Amino acid sequence: MSTKLTKMLLAEVIVDVKSHETDRTFQYFIPEELQKRVVIGMRVLVPFGPRRVEGYVVSLTNNPETPLEKVKPILRVLDELPPLTPELIELSDWLCERYICTRAQAVQALLPGGMRFKSTLVIEASDVTPAILDAREKEVLSFLKNKGPQVKSQLLKDHPSWRGAIAKLLQKGAITERFMERTGVKEKQVAYVVLQMDRESLLQKLDHLQANAFKQKEVALWLLHQGGTVRLRDLLAATKAARSTIEALRQKGILDIEQREERRDPYHGRYIGEKEGKLPLTAAQERAYSAILSMLQTRQAHTVLLQGVTGSGKTEIYLQTIEACVQMGRQAIVLVPEIALTPQMVERFKKRFGEDVAVLHSRLSPGERYDEWRRIRQGEVSIAVGARSAVFAPFEKLGLLIIDEEHELSYKQEENPKYHAREVAYFRALYHGATVVLGSATPSMEVRYAAAKGRVTRILLPERVNRKPLPPVEIVDMRLELKQGNRSIFSRRLHEAIAEKLAHREQMILFLNRRGYSTFILCRACGYVARCPSCDVSLTYHYLNSIPILRCHYCGHSEEVAGRCPECGSQHIRNFGTGTQKVEEELLRLFPEARVIRMDVDTTATKGSHERLLRTFGAREADILLGTQMIAKGLDFPGVTLVGIITADTSLNVPDFRAAERTFQLLTQVAGRVGRHDAAGEVILQTYHPEHYAIQCAVTQDYERFFQKEIEIRHSLDHPPFWEMTVFTAAHESQKEAYRLARETERWMRRRFSEDPEVIVHETTAAPLARLHGKYRFHQVIKYKSYKKVKAELLAAYFHARAKAKKIDGVLSVDVNAQMVL
DNA sequence: AGCACGCCGACT
DNA sequence: GTCGGCGTGCTC
């Protein structure tokens with residue numbers, strides 16, 4: 001029947017196989033019974049070669065481009081509601097084009113982690129035992145009979161010699177194959193106890209129970225009292241009933257047990273009923289609010305830079321514009337750096353919007369994250385607050401995308417797809433006609449420059465809501481301290497200030513952007529420095545449960561500390577440089593009465609420890625909060641009157657062109673932790689480079705001066721934002737091979753662009769992290785004015801070099817619009 | 001990416 | 001001869 005053929009619909013499916021060879025759509029039949037459920041954006045299970053894989057339907061067609069005998073049917077539909085909206089499918093295409101990754105990788109980035117469906121082939125012995133089996137076949141068969149079903153690919157990996165025997169046993173029917181399917185996270189099912197009769201008939205029935213069935217009566221009456229439906233778990237806890245009691249009641253038809261779907265709520269209904277109203281706006285806030293509102297109303301894509309110092313009330317503007325957005329029937333996404341997504345922050349949104357907010361961050365379990373995501377997808381909420389990946393929240397009527405602390409580097413993903421959340425936000429804003437609000441006290445060079453060029457509307461919030469001036473920042477030249485004989489970590493000025501605050505029972509924050517005890521250990525006799533055997537970095541001295549060890553901050557390698565130099569045997573081996581552990585030790589030595597909380601990756605590794613430490617400090621159960629950059633953001637403690645910056649130079653000495661920008665931002669942020677309330681505050685900044693413009697501008701809190709100075713340097717050095725930068729990284733166990741791989745991309749790009757004034761092809765150089773995880777690394781940097789112009793060649797160079805890398809067991813990666821070059 | 005197939009050297 | 005190592009090619 002020709003009508004059937006012309007009517008036949010095929011699904012174009014992206015398969016979840018992250019290889020460039022399979023990075024296209026494959027066509028599948030849609031079986032009759034699935035016709036209604038296979039829609040665009042649906043996740044499906046499809047046969048793929050000898051395997052079964054997850055796939056994503058990106059379009060439907062009745063134009064078969066594949067010989068029909070090759071086309072296989074879709075096996076299963078994996079969701080009720082298609083997880084991908086048409087917009088997200090377009091976005092996935094854009095992600096691969098923009099960041100050079102596979103479509104499978106792009107789609108995976110859009111979906112909440114952990115929902116992946118896996119299907120593995122397992123083999124097991126059947127009940128057929130053929131008469132004739134050779135020795136090998138007998139061995140395999142008895143293995144399977146003893147050990148039960150086995151994953152086929154794993155079994156072949158462990159026993160490659162069994163391949164032939166397994167094939168023969170399958171032929172003879174002595175073993176069978178089947179696919180074992182493993183769903184990722186699922187809807188949480190909770191057992192409920194439901195009363196099956198009304199009050200009258202229950203009481204009647206209970207009268208007729210055996211006289212000794214006390215417990216059954218008690219349970220039934222309790223259930224009645226609770227309204228007839230209760231979680232099984234709660235019932236068991238409240239009545240202390242045994243499962244057998246419940247079962248007896250069920251047998252009698254008095255109650256029944258039902259599985260009901262339940263949402264995991266990471267905040268357990270906290271903050272409900274604690275609704276908080278709008279705060280009054282200052283004149284500056286009001287201006288910002290109405291400017292954003294009028295952009296929202298145009299339903300055209302706009303970008304706003306909301307630039308205001310800490311305490312200038314950006315969050316309140318976010319909250320009120322979100323409210324206006326939601327009232328328009330549209331939805332809002334708020335991105336916050338992972339590190340700043342503290343309970344304080346979440347509380348503010350939950351209290352204002354209650355149940356209308358979904359929160360997405362890395363500390364949620366996969367199940368919680370999936371449920372929060374589904375609340376968004378099913379339209380149950382209008383607001384999503386989260387870290388970077390929340391930019392993909394599957395809203396269908398987006399009005400507002402807010403990126404707080406816009407300058408943070410964590411908005412760039414380091415793995416494929418190496419997207420920047422700001423760029424994704426622009427894409428989505430264009431699609432929906434939405435407004436992007438970028439908030440920062442210290443905007444990134446890119447965004448501030450875009451504002452200067454008129455591509456972004458800049459709105460200034462010039463002063464703090466409480467009109468408190470920014471705290472005075474005092475600079476201490478540590479070179480002078482040394483000259484005058486003070487070799488301590490603390491300058492005399494900072495020492496005095498700490499003592500004074502302790503005496504007045506005031507709190508303080510001490511900042512040092514380096515964890516561990518000391519930076520490196522050095523033999524003063526021969527110059528030996530302990531280095532990581534697989535990374536080209538020196539090992540950091542740590543105390544782990546008061547035992548000294550050396551640790552690599554990049555790969556986690558650790559080793560014992562030698563009492564003598566392993567090179568020359570000298571005992572003059574000492575540690576140099578200062579980390580948070582050493583500062584803590586010094587503090588306790590100099591101020592034995594001080595209560596110190598240290599916060600860094602080492603003390604906040606366990607779940608909940610972050611919050612616990614902050615709560616302790618907030619409750620004034622400690623005097624000093626000492627920490628790395630994780631204490632620089634978002635924290636607001638009214639009792640803090642001193643911020644001490646132990647060394648302002650750590651981030652300045654990083655070999656990256658953003659070092660000055662990072663330093664300025666970090667110092668400005670840390671300084672902003674003080675004096676936000678009634679008590680006057682002060683900031684003491686210790687440095688060996690008091691004359692550096694990043695430090696000078698941070699001291700005077702002069703963003704504009706910093707921007708002018710830095711933009712000049714960026715211009716003269718051909719750095720972003722004047723040029724966009726893409727970095728190829730080649731890694732190989734052999735230094736020579738790593739270099740040669742990186743040279744491949746250089747040669748490729750040179751051949752095409754050596755004459756082009758709008759493209760700079762840099763020479764291949766050793767990466768600042770020249771060795772990592774046992775592999776040598778080389779960078780090759782391309783700079784260009786327009787991505788469109790180089791896109792095709794970047795891709796070609798990447799494929800070319802990657803093919804070579806694959807042959808020699810090397811790794812070649814590409815980072816489009818790279819933010820960091822390490 | 002996986003997985004199967006097929007070609008070749010090294011053994012019983 | 002057969003085993004098992006790896007290169008090659010395909011997946012709707």
Side-chain angles (χ1 to χ4, degrees), chain A residues 5 8-31 34-35 38 40 42-78 96 100-109 116-123 133-140 150-171 175 177-182 415-417 798-799 802-814:
Chain A
L5 261 179
M8 184 158 52
L9 216 50
L10 294 170
E12 299 273 2
V13 174
I14 295 172
V15 288
D16 182 28
V17 175
K18 52 173 183 299
S19 139
H20 288 283
E21 284 75 61
T22 49
D23 191 20
R24 57 185 180 88
T25 59
F26 290 84
Q27 294 188 315
Y28 288 90
F29 287 127
I30 306 169
L34 297 180
Q35 299 265 324
V38 175
I40 290 175
M42 191 58 94
R43 212 160 50 108
V44 291
L45 183 70
V46 291
F48 195 64
R51 308 181 278 163
R52 286 178 172 188
V53 298
E54 184 177 285
Y56 314 98
V57 178
V58 292
S59 62
L60 299 172
T61 175
N62 40 29
N63 173 27
E65 280 162 355
T66 319
L68 284 178
E69 68 276 9
K70 278 186 155 187
V71 180
K72 296 176 187 172
I74 287 175
L75 298 167
R76 208 132 107 55
V77 171
L78 298 176
C96 335
I100 310 188
C101 67
T102 64
R103 293 181 87 178
Q105 285 173 325
V107 170
Q108 276 304 322
R116 249 223 201 76
F117 188 95
K118 283 262 169 9
S119 183
T120 41
L121 197 57
V122 294
I123 54 174
L133 291 175
D134 67 22
R136 180 60 63 76
E137 288 166 31
K138 278 178 187 160
E139 185 192 353
V140 174
Q150 299 289 313
V151 173
K152 194 181 177 189
S153 57
Q154 190 57 49
L155 197 67
L156 285 170
K157 220 176 267 166
D158 296 344
H159 307 275
S161 60
W162 288 4
R163 171 159 251 122
I166 290 171
K168 286 220 183 77
L169 285 167
L170 274 168
Q171 239 172 44
I175 58 177
E177 284 182 321
R178 77 189 147 83
F179 283 98
M180 194 181 62
E181 295 178 343
R182 214 193 68 232
E415 298 84 47
N416 278 334
Y798 173 64
F799 278 162
R802 210 187 131 91
K804 297 228 164 183
K806 210 174 153 184
K807 282 203 188 87
I808 58 168
D809 204 23
V811 182
L812 193 104
S813 55
V814 60

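Here the structure is a predicted model, which means the values were calculated and not measured. Chain identifiers are assigned alphabetically (A, B, ...) following the order of the sequence lines, protein sequences preceding nucleic acid strands; residue numbering begins at 1 within each chain.
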Partners passing ring-ring contact (aromatic ring centres under 6.0 Å, His included) against Phe179(A) (at least two apart in sequence or in another chain): none
Between C1' of dT8(C) and NZ of Lys806(A), the distance in whole Å: 11 Å
Euclidean distance, atom NZ of residue Lys168(A) to atom P of dT2(C) [Å, nearest integer]: 9 Å
OP1 or OP2 of dG4(C) under 4.0 Å from side-chain N/O of Ser161(A): yes
Any residue meeting side chain to side chain donor-acceptor pair (under 3.5 Å) with Arg116(A), in chain and number order, not counting sequence neighbours: Asp16(A)
Touch class at under 4.0 angstrom, heavy-atom based, for Phe48(A) against every strand present: base
Value in whole Å for how far the C1' atom of dT11(C) lies from NZ of Lys18(A): 16 Å
Atom pair CG (Leu10(A)) and CG (Asn63(A)), whose distance is rounded to the nearest 0.5 Å: 8.5 Å
Salt-bridge criterion met for Lys118(A) and Glu54(A) (N-O under 4.0 Å): no
Sugar-phosphate, base or nothing in reach of Glu21(A), heavy atoms under 4.0 Å: base
Interatomic distance, Phe26(A) CZ vs dA1(B) P [rounded to whole Å]: 14 Å
For Glu12(A), side chain to side chain donor-acceptor pair (under 3.5 Å) partners two or more places apart: Thr25(A), Gln27(A)
Touch class at under 4.0 angstrom, heavy-atom based, for Pro47(A) against every strand present: sugar-phosphate
Nearest-Å distance for atom pair CG/P, residues Asp158(A) and dG4(C): 14 Å
Phe48(A): partners by ring-ring contact (aromatic ring centres under 6.0 Å, His included), with sequence neighbours left out: Phe26(A)
With Asp809(A) via side chain to side chain donor-acceptor pair (under 3.5 Å) - residues at least two apart: none
Separation of atom NE2 in His159(A) from atom C1' in dC3(C), rounded to whole Å: 16 Å
Interatomic distance, Glu137(A) CD vs dT2(C) C1' [rounded to whole Å]: 14 Å
Length of the CG-C1' vector between Asp23(A) and dT11(C), whole Å: 14 Å
Base versus backbone protein contacts along nucleotides 2-12 of chain B [heavy-atom cut-off under 4.0 Å; B, S, -]: SSS--------
Sugar-phosphate only, base, or nothing, as touched by Arg24(A) at under 4.0 Å among non-hydrogen atoms: base
